[in-house]
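Computed from heavy atoms alone, side chains included, the values below leave out hydrogens, waters and symmetry copies. A, B, ... follow the sequence lines: proteins, then strands. Residue 1 opens every chain.
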Number of protein chains: 2
Amino acid sequence: MTRTANNAAVPIELNAVIVAVADGEPYLLTGEGQGLPSGPFESGHRTLEQGLRAWARRKGARNLGYVEQLYTFADVGRTSAGCRSVSIGYLALVHDGDEALGTTWSPWYKHLPWEDHRDGKPRIIAQSIMPALAAWKNKASGAAEKRARAERIGIAFPSDVRQWNDELVLQRYELLWEAGLVAEAGRAKNGLGLPMPYDHRRILATAMARLRAKIKYRPVVFELLPPQFTLLQLQTTVEALAGLRLHKQNFRRLVETQRLVEETGAVTRGASGRPAKLFSFRRKVLQERAAAGTKLPRS
Amino acid sequence: MTRTANNAAVPIELNAVIVAVADGEPYLLTGEGQGLPSGPFESGHRTLEQGLRAWARRKGARNLGYVEQLYTFADVGRTSAGCRSVSIGYLALVHDGDEALGTTWSPWYKHLPWEDHRDGKPRIIAQSIMPALAAWKNKASGAAEKRARAERIGIAFPSDVRQWNDELVLQRYELLWEAGLVAEAGRAKNGLGLPMPYDHRRILATAMARLRAKIKYRPVVFELLPPQFTLLQLQTTVEALAGLRLHKQNFRRLVETQRLVEETGAVTRGASGRPAKLFSFRRKVLQERAAAGTKLPRS
DNA sequence: GTAATAGTGTCTTTCAGACAGTATGAC
DNA sequence: GTCATACTGTCTGAAAGACACTATTAC
């Protein structure tokens, strides 16, 4: 615990991927230049998370609900000036998306359009991505490297739709980045998707991957929903995050057997079609199953 | 991305939980004063992970295998001096445990003895923990708080052994900490388990929780094993990490159906009993199933 | 032979995936 | 009545959990 001379003292920067879902579309809050809202960690705060919350409140994004640390980067050359800084990425979920001055809600699939498979495989994959990746594969030096690239491509962008893995967001982003298909820091060229400054789009990919994995074993979706919701709203929100269409009946059975929700007695009115029951999240499950399933065969 | 005046520039400290398993017992590398090996992040390195690897190599702990970032803390008063520092926790797995100068391998269940359920529920739970937690519960002010405490206790330390959740390491540690049963920073008192300096035992609990969760869906156990191993060795290693006894036949079926290993042709010699086949990890699965199971019912 | 550990075969229960069908509103 | 959406019942096949059994070594 001794302090040495070359101990690097550096500024800390917080970057937050603040997510909201409205009308079945996921959005993220962006600040100046389409970038993630980011700011310095100030000495006044006791913990990083408190610093983030206070700073988000000041920025106008209502009280953050669920907050999770993503990753800490400390690479040189992260920022434009070339000076080193430490950047701590956060994922935050809110359910009321109002904008503050200088911020906008941006649909996250605008930045990563190949991730949305709700209406089948996006055209962009067959039209732009696969040909470009094939070319990149063929540029490889050596047969081994060529095979390795082919395998990575096959896993990230499988030809069979049923093999699409929604959690591989970061792997796909890095693959496209290596192949020169996505640009960072404004150099848009003919790149795919809307770029973001610095490495912010990579942080978004990290957040999306984490969130898609998390909704499968922790009830965090409810942080994105109002206190009362219909089962269809719940399903649509999950579909929006996963970028996949789900099987209605089986989804409902899943929700029911896990006892995630309870009826409120109220129903929707006015819409066309049969009115839907309104449900609320059973907060108790947060304690009941702090972690869900062991996959190990106990003796 | 503007630098403000109260932007806190602080030193970065790396803390690593370096894990090895020998003879079915998990160990962690400890430095001075039974603490985690820790050191400053030096300006010479390109990334945090590279800094960690270089520094671990210099400390003598052979090349780190699997490395994973755990969490970044920046609380005030973390260190003894009261000055703030940022601490980044890492989990690293190695399979050859040799010691460097000034370091020792310490069995991790010495620090968290209530986590080892391989020989049934540890005595310490019935003898010390449950009575003390009951007393702590009764000290609560108000019936609601009392009920909340009772519920937390019931989940963290269930009376039915079959309900024991091996992943709740951190929840249990924090529960015991709130109840004053584990001491930090040397004030051993009549606390449970071997203390570690600063918040290092909490970081160990975080690492254990992460590792126990991870082995269930990612093949990281193999980072702790030699290149060739028997199925029993594999099972014993998983049991050591999970702190649970597993069902032999079903464990083997799991390993087989997931095609995690392949026969090498060699067998063990000299031990009593039938010789066991030696297996090696099928590295291909790392690519095949970069992520394993979707739990969502796709349409 | 016995003791000790390695490995196989199979039964049962539970749960995920898929099907078709009925209910209740707006118009 | 039609249309649109909400909800229910049930079949099937694949795993998870648990049982008993055979195999190969050292002594």
His247(A) side-chain proximity, nearest of dA18(C), dA20(C), dA23(C): dA18(C)
Length of the CD-P vector between Gln258(A) and dA16(C), whole Å: 8 Å
Distance in angstrom units between Leu254(A) CG and dG17(C) C1', rounded: 12 Å
Distance, rounded to the nearest Å, where Arg269(B) contributes CZ and dT24(D) contributes P: 14 Å
Between Tyr27(A) and Glu25(A): side-chain donor-acceptor atoms closer than 3.5 Å: no
Sugar-phosphate, base or nothing in reach of Arg253(A), heavy atoms under 4.0 Å: base
Interatomic distance where CG belongs to Leu278(B) and P belongs to dT24(D) [whole Å]: 17 Å
Phosphate-side-chain proximity, Arg252(B) and dG7(C), N/O vs OP1/OP2 below 4.0 Å: yes
Modelled atom types, side-chain donor and acceptor of Gln171(B) and Tyr173(B), under 3.5 Å: no
Gln249(A) CD to dT22(C) C1', straight-line distance once rounded to whole Å: 12 Å
Donor/acceptor link under 3.5 angstrom from Arg274(A) side chain onto base of dA4(D): no
Nearest-Å distance for atom pair CG/P, residues Asn250(A) and dT8(D): 14 Å
d(NZ, Lys248(A); C1', dA20(C)) in whole Å: 14 Å
Test ring pair (Phe, Tyr, Trp, His ring centres under 6.0 Å) applied to Phe229(B) and Phe281(B), step by step: CA-CA 9 Å; Phe229(B) 48 85; Phe281(B) 176 44; 8.1 Å; no
N/O (side chain, Lys277(B)) to phosphate O (OP1/OP2, dA6(C)) under 4.0 Å: no
Check: His117(B) side chain, Gly243(B) main-chain N or O, donor-acceptor pair, under 3.5 Å: no
Interatomic distance, Phe251(B) CZ vs dA18(D) C1' [rounded to whole Å]: 17 Å
5′-ward residue of the pair Phe279(B)/Gly273(B) relative to DNA chain C: Gly273(B)
Which donor-acceptor pairs under 3.5 Å do the side chains of residues 232-240 of chain A make with protein atoms, sequence neighbours left out?
residue: Gln233(A); atom: OE1; partner: Thr230(A); partner atom: N; Å: 3.1
residue: Gln235(A); atom: NE2; partner: Glu239(A); partner atom: OE2; Å: 3.1
residue: Gln235(A); atom: NE2; partner: Leu246(A); partner atom: O; Å: 3.2
residue: Thr236(A); atom: OG1; partner: Leu232(A); partner atom: O; Å: 2.6
residue: Thr237(A); atom: OG1; partner: Gln233(A); partner atom: O; Å: 2.8
residue: Glu239(A); atom: OE1; partner: Arg245(A); partner atom: NH1; Å: 2.6
residue: Glu239(A); atom: OE2; partner: Leu246(A); partner atom: N; Å: 2.8

